[in-house]
Number of protein chains: 2
Amino acid sequence: MEGSSVAGSQDGQIASPRRAPSQQRSRERVERMLAAASALIAEQGSDAMRMGEVAERAGVSIGSLYQFFADKRAIIWALAERYTAESQACIAAALAQVSDAEGLRRAFSELVDIYYGLFLAEPVMRDIWSGTQADKALRELELADSRANAEFLTAVLKRLRPAADPATLETTALLIWQMGEATMRLAISVGRKEGDDLVAAYKRIALRELLDQQAGPCNVG
Amino acid sequence: MEGSSVAGSQDGQIASPRRAPSQQRSRERVERMLAAASALIAEQGSDAMRMGEVAERAGVSIGSLYQFFADKRAIIWALAERYTAESQACIAAALAQVSDAEGLRRAFSELVDIYYGLFLAEPVMRDIWSGTQADKALRELELADSRANAEFLTAVLKRLRPAADPATLETTALLIWQMGEATMRLAISVGRKEGDDLVAAYKRIALRELLDQQAGPCNVG
DNA sequence: TTGCAAATGCGAGGATTACTCATGTTTGTG
DNA sequence: CACAAACATGAGTAATCCTCGCATTTGCAA
């Protein structure tokens, strides 16, 4: 977010932070490193990605790699940050204009489709979010990302239902969002057809909840 | 499931399988290995668990460890299998007797509470299911487990709604279940109070869907 | 231009760790 | 008791992440 394309890593203990590239030359090299890492993750998964291979493919030495990234996770983190920033902007744009129930229905449906497409199309994002995150820091980034995304949903709900309890709306939005991500993960790990069905079912369930917020269950006794 | 408490591992390539303990002595040693691994995972997480430390704490040599477990993941796999078997039995028992809507409501609610309690109380299960699964095989085990659990839910739904499309019921059950697991993961990674709220909200959403299966959205459009 | 400090680049080597294997020991069984 | 199979051992191997001292390039002020 704040111009930090390079990160030190953390897992409770702080690893030595790294220099941010200040020259044009090194900025380009860092880009090549990230591109190489992205390609390797797409091919083999982040777990099988080797730092030496990243360096080789980027045309730099292993030492240069570690000049800008504190450790292996820092590279994955940097890539993840890019995706989250990108998708957050997309989500904010989709939900910003919503002012009524029908608008929410359309925007949410479209949003889910876009997200689903992203999951299907981006091997790197898929890998990073799909369980290869043996990493506390990454999980926390994911949680922060979920919260930020849910925030947009909360804002819409508050506009549509000003009388409702704000805390409840926040909980609902976070849950709906988290459920959506779980659905995506499930959907991409099963066949395409079953995945589509699952996403459609999620849409239905989520929309029912989002649009019918104030009512209790319908015909349950 | 079939008396196999010891597993070889796989990730596409099959690692050399290991001997199953046939003597009383070795069965006890294998138990000590699993207990040691469980304790270490509870303390530090499976990622930080060191094979040498497992062996040391179990009072066996590193060689003996590898006599019964093909690799590190095989130990985690074995522990995970125990938990899934245990929880599947629990779920089957809870849902077997359900024959009407009110019964489903009670059984499902109780089930979610039990599962939530399990997540909160079992550091090992939490660690294994909560993202430290940098492992394709484990994710597949989790998916198989989800399917098996959802199967019980599907069976109930089919009993309650014999007229409904079976494929739709299956999709719904799987999705509801996966959403539940996602909710648990989220709930244990936020504070206790927020976690409880999330679980409660999940219960409400899931039950609305489970009990109101055949109807469309209530007052939408 | 020149001098110099800071930034960048390099890769052999240190450190860690999962896992193997040759060898010795124990157990069940005819 | 003999003997094969199961079990136990731990030093050694291989793979990999990351460090560190030193060489080179860049920006900039004198």
Side-chain angles (χ1 to χ4, degrees), chain A residues 5-11 13-33 36-37 40-41 44-77 134-135 137, chain B residues 5-11 13-33 36-37 40-41 44-78 132 134-135 137:
Chain A
S5 71
V6 171
S9 78
Q10 63 244 64
D11 74 329
Q13 307 307 320
I14 298 174
S16 55
R18 291 304 141 97
R19 193 191 304 276
S22 71
Q23 303 175 359
Q24 184 63 24
R25 171 181 55 144
S26 50
R27 266 191 297 271
E28 284 165 1
R29 299 180 112 237
V30 167
E31 279 309 309
R32 288 215 307 279
M33 297 173 201
L40 285 169
I41 291 174
Q44 319 166 351
S46 59
D47 209 51
M49 180 188 85
R50 307 290 164 221
M51 294 300 271
E53 210 174 345
V54 173
E56 188 184 16
R57 200 177 280 211
V60 304
S61 70
I62 184 70
S64 290
L65 191 54
Y66 279 94
Q67 190 125 49
F68 299 101
F69 298 97
D71 53 28
K72 184 175 173 176
R73 296 175 307 163
I75 292 189
I76 298 169
W77 173 287
D135 190 313
Chain B
S5 70
V6 170
S9 78
Q10 62 244 66
D11 71 329
Q13 308 307 321
I14 298 174
S16 55
R18 291 304 141 98
R19 193 191 305 276
S22 71
Q23 304 175 357
Q24 185 63 24
R25 170 181 55 146
S26 49
R27 266 192 295 272
E28 284 164 1
R29 299 179 110 237
V30 166
E31 278 310 308
R32 288 215 307 279
M33 297 173 201
L40 285 169
I41 291 174
Q44 320 164 353
S46 58
D47 209 51
M49 179 189 86
R50 305 294 164 217
M51 294 301 269
E53 210 175 346
V54 173
E56 188 185 16
R57 200 178 281 211
V60 304
S61 70
I62 184 69
S64 290
L65 192 54
Y66 279 95
Q67 191 125 51
F68 299 101
F69 298 97
D71 52 30
K72 184 174 175 177
R73 295 176 306 164
I75 293 189
I76 298 169
W77 173 288
T132 311
D135 191 313

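Here is the naming used below: chain letters follow the sequence lines, and residue numbers restart at 1 for every chain. These numbers come from a predicted model, not from an experiment.
- For the pair A:Q23 CD and C:dA6 P, the computed distance is 14 Å after rounding to whole Å.
- Residues A:K72 and B:S22 both approach DNA chain D. Their nearest nucleotides, taken by heavy-atom distance, put B:S22 toward the 5′ side.
- To the nearest angstrom, C1' of C:dG9 lies 7 Å from CD of A:Q67.
- The shortest distance between side-chain heavy atoms of A:R18 and A:Y66 falls below 4.5 Å.
- Neither OP1 nor OP2 of C:dG9 sits under 4.0 Å from any side-chain N or O of A:R19.
- In this structure, B:Q67 and B:R29 have side chains that are not in contact, with every pair of non-hydrogen atoms separated by 4.5 Å or more.
- When the side-chain nitrogen and oxygen atoms of A:R29 are compared with OP1 and OP2 of C:dT8, none of them lie within a distance under 4.0 Å.
- Between B:Y66 and the phosphate of C:dT20, there is no side-chain N or O to OP1/OP2 separation shorter than 4.0 Å.
- When the side-chain nitrogen and oxygen atoms of A:S64 are compared with OP1 and OP2 of C:dC10, one or more of them lie within a distance under 4.0 Å.
- Inter-residue side-chain proximity for B:V54 and B:K72 is flagged as unmet; no heavy-atom pair is nearer than 4.5 Å.
- For A:R27 and C:dG9, the CZ to C1' distance is 17 Å, given to the nearest whole Å.
- Here the P atom of nucleotide C:dT17 and the CE atom of B:M49 are 13 Å apart, to the nearest Å.
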